[in-house]
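No hydrogens, no waters, no symmetry mates; every other heavy atom, side chains included, goes into these values.
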Amino acid sequence: MFYFYIRKTKTGCLPNPDNSRKFYMRAHPITLAFDNPQTEKSYQESYFRESLSLTRLSLAIAAALYALFGLLDYVANIPHLHFFLILRFVFVVPLLLFIIGFSYSRYFYRYWQSLLFTAFVVAGTGISLMIVLYPENASYFGGLMLIFLAGYSFIRLRFLKATLAGWITLLIFNILAAYHMPHGGILLISYNFFYVSANIIGMAVVYHFETNSRKNFILNQQLIDKSKELEEVNKSLEDRVEKRTKDLTESRERFKNLTELLPVMVYETNTEGVITYANQEAFRQLGYEKEELLSGSKNVLHLVTEEYQQQARKDFLRSLNHPDIVTGEYAVVRKDGTTFPVVDYSNPVFVNGRVAGLRSVAVNLSEQKTNEKLRTEVEVAQKSANFKQNFLANMSHEIRTPLTGIMGMVDLLSQTSINDTQRDYIQTISLSCKNLREIIDQVLCFSKIESGKSTLKKETFETINLCYKAQRFFESIGSHNVRFSFNHDLAIPKYIYGDEGKLTQVVNNLMSNAVKFTPSGSITLETKLHDYDKATKEVVIKVSLTDTGRGIHPSMQEKLFKPFSQLEESVIRGNEGTGLGLSICKNLAALHGGDIGLESAFEKGSTFWFTFKAEAVDEDSINLKKYNKAHTPLPNKLKILLAEDKKINQKVIRLMLNSLGHEVVVAENGEEAMEMFDPRLFDLVLMDIQMPVMDGLTATRNLKKMYKNLPPIVGLSANAFEGDREKYMDTGMDEYVNKPVTTNDFINLVERLFPERA
């Protein structure tokens with residue numbers, strides 16, 4: 001076999017240096033074709049594209065020379081002239097011109113090697129016949145040289161076909177000479193010597209050309225692969241640099257925002273001591289305006305009193321050359337000439353591995369007692385915040401767990417045969433449960449916002465979905481005495497990039513308030529394009545919700561968006577709530593770079609509005625899911641393993657799933673679930689997160705280690721803080737459902753995990 005020696009890399013093959021491992025690309029020793037059919041096909045296509053122009057040119061030159069020799073024969077009036085002209089201008093030249101013309105056809109690729117082979121043999125046979133009939137004409141010898149030169153070197157016949165054509169031409173010549181050449185002898189031997197020599201040389205040339213062409217093809221393929229890899233690496237590096245730059249910018253902004261809140265002086269200097277940044281507290285305590293202190297001429301050492309100058313300069317130089325914090329106590333001078341003692345903490349700022357200056361914090365010791373009190377209050381506030389977070393998490397979990405049982409049983413009870421009075425009682429219980437869950441959700445949402453842990457989870461969605469979802473929400477909570485309608489501005493881009501969930505939450509909160517305070521009349525939702533920057537594709541959208549309810553007195557409007565604020569008791573009687581809804585809306589709007597407000601006429605109605613920023617998305621660059629469809633029971637039965645330690649939840653979830661036609665097997669904890677699990681028996685695993693003996697997260701990780709092919713594992717938990725879902729999914733769970741759960745939640749879950757059964 002014939003081998004190409006090339007170096008094996010992650011992306012393919014490259015020329016083999018001495019210190020690398022050899023990789024062999026095998027090729028047939030005669031046809032030179034690669035063993036791999038796909039590689040051979042790619043090479044043939046590449047070879048055809050590269051050879052086409054030269055082949056056309058070579059055929060055109062051959063045809064021209066063939067015709068030129070004919071004209072010379074005509075001028076010389078040689079013997080057999082009539083026959084030779086027919087041979088040239090009826091057979092050979094038309095054949096060459098036909099091949100040139102056919103080369104512009106899309107079918108030429110299929111036959112081009114066969115046609116070139118035919119052209120070589122026919123042209124060579126024609127010259128051979130002329131030599132046999134008129135050996136005295138030496139110009140035919142030159143014509144024969146051109147034919148062999150073109151056949152082997154220019155018209156791009158492959159090695160095997162060129163070789164066959166050359167030797168067939170030689171064979172035809174000898175057959176013709178045997179019958180027609182009047183005087184063979186030495187002349188015949190000379191011509192045979194030429195034929196054999198030309199064939200051997202031509203074979204070497206075309207063999208060398210094709211093997212090198214194939215090697216170059218393989219190398220080019222590997223270079224292309226390597227280029228793609230380098231492009232990917234470059235793109236990855238660009239993304240990392242962009243992300244790092246963004247992180248650094250955000251970090252810088254967070255640093256500045258934080259320093260503005262601190263009751264101490266924070267400042268930065270360059271290596272010469274010139275102040276480049278100072279917070280508001282520094283301006284206040286030193287008595288300078290921002291422009292005065294950051295003018296580029298104010299040196300931090302000039303602010304130290306004369307008696308501390310030497311020590312301050314020494315500490316400054318030590319800070320530049322010391323990676324740890326350097327502490328010093330000095331007296332500094334205010335703009336008005338008064339002084340006060342400070343303790344200064346400094347450490348170097350590095351840029352690209354070099355010290356670029358100092359970042360320092362200076363504490364006014366004259367206010368030390370106040371600061372100590374503030375630090376104590378901060379610690380107490382932090383402990384209080386942590387306690388509140390833990391308390392809310394535990395209370396949410398403990399309330400949501402029994403709510404699963406209550407809401408589940410109400411859901412199942414509503415599906416039984418009941419009279420109108422019982423149905424009214426059930427609807428009242430269900431509404432109370434939903435209100436309780438809404439209160440829990442609002443308290444948790446406010447807690448996340450208050451702690452700064454609420455972040456946007458952006459995705460591409462259709463803007464009109466905000467209206468559709470609002471309509472569905474109204475249908476679930478609205479009154480028959482109230483009409484709902486919406487007006488969607490068609491100028492708004494169809495698709496935007498933003499946090500659809502949080503925007504829907506704002507609309508739903510405003511809708512809840514509108515329904516509460518509108519016993520009859522109408523509620524109208526309107527979306528409007530507020531601003532659109534086509535260069536950056538940033539859009540500002542305004543959403544308004546107008547009701548014909550009671551309206552809000554001007555004296556009450558200012559406090560509506562503050563936490564835990566409500567209208568006076570006479571207005572809200574029968575419409576209790578946490579007083580957090582509008583405060584949450586305000587914070588979520590601000591999180592989207594927008595604002596919120598209202599316009600109200602007392603006893604006539606109100607319009608609540610909010611704005612948000614998003615990014616317009618081209619419609620042809622996305623593939624969105626369709627809007628939620630109506631739920632229908634699934635026709636196929638699933639066998640489900642439920643791991644749940646609470647008896648009431650076991651009962652309720654099993655009944656819900658049984659009502660949908662599924663079979664449920666219950667495990668008390670994660671360890672029991674592992675013992676009962678068999679991938680051949682179960683289609684779905686529902687895994688509670690918090691269980692005794694072994695929790696759901698540990699059980700999931702162990703199942704992932706034990707089995708390669710697992711059915712979907714879905715986490716169940718009453719924990720509802722932001723980040724819980726991501727934390728559970730990172731352990732290997734395929735989906736996560738938050739308690740309390742309803743029958744519709746399970747229908748949605750099965751539709752997502754088993755779309756083919758929907």
Side-chain angles (χ1 to χ4, degrees), residues 247-383 385-386 452:
D247 291 343
L248 289 173
T249 302
E250 292 177 351
S251 177
R252 183 76 176 179
E253 288 300 319
R254 284 196 297 270
F255 165 74
K256 289 185 177 181
N257 292 336
L258 178 62
T259 59
E260 296 302 328
L261 300 175
L262 294 176
V264 294
M265 294 180 287
V266 180
Y267 65 93
E268 290 182 350
T269 70
N270 61 18
T271 55
E272 303 298 324
V274 176
I275 300 174
T276 57
Y277 168 77
N279 67 345
Q280 290 295 328
E281 186 66 14
F283 302 141
R284 186 187 70 80
Q285 292 198 34
L286 294 172
Y288 287 96
E289 296 295 330
K290 181 177 180 180
E291 293 76 13
E292 295 175 309
L293 201 59
L294 303 181
S295 61
S297 60
K298 186 66 69 176
N299 194 297
V300 68
L301 297 176
H302 297 163
L303 300 175
V304 180
T305 60
E306 185 175 351
E307 61 182 307
Y308 287 99
Q309 277 284 333
Q310 186 175 356
Q311 182 62 39
R313 187 176 301 278
K314 180 180 177 181
D315 290 342
F316 180 83
L317 295 175
R318 189 158 64 97
S319 297
L320 291 175
N321 297 282
H322 202 283
D324 298 326
I325 295 175
V326 174
T327 305
E329 294 188 16
Y330 324 104
V332 298
V333 184
R334 295 188 180 94
K335 182 180 180 181
D336 60 8
T338 59
T339 63
F340 61 95
V342 298
V343 57
D344 186 88
Y345 305 90
S346 300
N347 68 332
V349 176
F350 293 91
V351 176
N352 297 327
R354 295 185 178 182
V355 177
L358 294 183
R359 180 176 292 134
S360 307
V361 175
V363 181
N364 188 336
L365 295 180
S366 61
E367 301 177 359
Q368 187 171 10
K369 292 183 179 180
T370 302
N371 291 336
E372 288 177 357
K373 180 180 178 181
L374 289 174
R375 281 196 295 271
T376 302
E377 291 176 353
V378 169
E379 291 176 1
V380 171
Q382 185 63 46
K383 291 179 181 179
N386 292 336

Indicate yes or no: at least one non-hydrogen side-chain atom of Ile275 is less than 4.5 angstrom from one of Leu303.
-> yes
Do Glu292 side-chain atoms and Glu289 backbone N/O form a donor-acceptor pair below 3.5 Å?
-> yes
Quick one: closest heavy-atom pair of Lys298 and Leu293, and the distance?
-> CB-O, 3.6 Å
Is there a donor-acceptor pair closer than 3.5 Å between any side-chain N or O of Asn279 and the backbone N or O of Val266?
-> yes
Rounded distance [0.5 Å steps], NZ in Lys290 versus OH in Tyr277 | 8.5 Å
Given Leu365 and Glu329, is the side chain to side chain contact (heavy atoms under 4.5 Å, CB included) satisfied, shown in steps?
-> CA-CA 9 Å; Leu365 295 180; Glu329 294 188 16; 4.2 Å; yes
Review item, side-chain donor-acceptor pairs of residues 343-351, under 3.5 Å, at least two apart:
unit_1, atom_1, unit_2, atom_2, d
Asp344, OD1, Tyr267, OH, 2.6
Asp344, OD2, Ser346, OG, 2.6
Ser346, OG, Ser360, OG, 2.7

Heavy-atom pair of closest approach, residues Val264 and Ala362 = CB-O, 3.8 Å
Phe316 versus Asn270, closest heavy-atom pair with distance = CZ-O, 3.7 Å
Under 3.5 Å donor-acceptor, Thr339 side chain and Val332 backbone = no
When every non-hydrogen atom of Gln285 is compared with those of Arg334, the smallest separation belongs to O-NE, 3.0 Å
When rounded to the nearest 0.5 angstrom, what is the spacing between CE in Met265 and CD in Glu281?
-> 8.0 Å
Val342 to Asn364 - nearest heavy-atom pair and separation = CG1-CA, 4.3 Å
Not counting sequence neighbours, which residues clear salt bridge (charged side-chain N to carboxylate O under 4.0 Å, His left out) with Arg318? List them please.
-> Asp315
Sidechain-backbone polar pair: Gln309 side chain, Leu301 backbone, donor-acceptor under 3.5 Å | yes
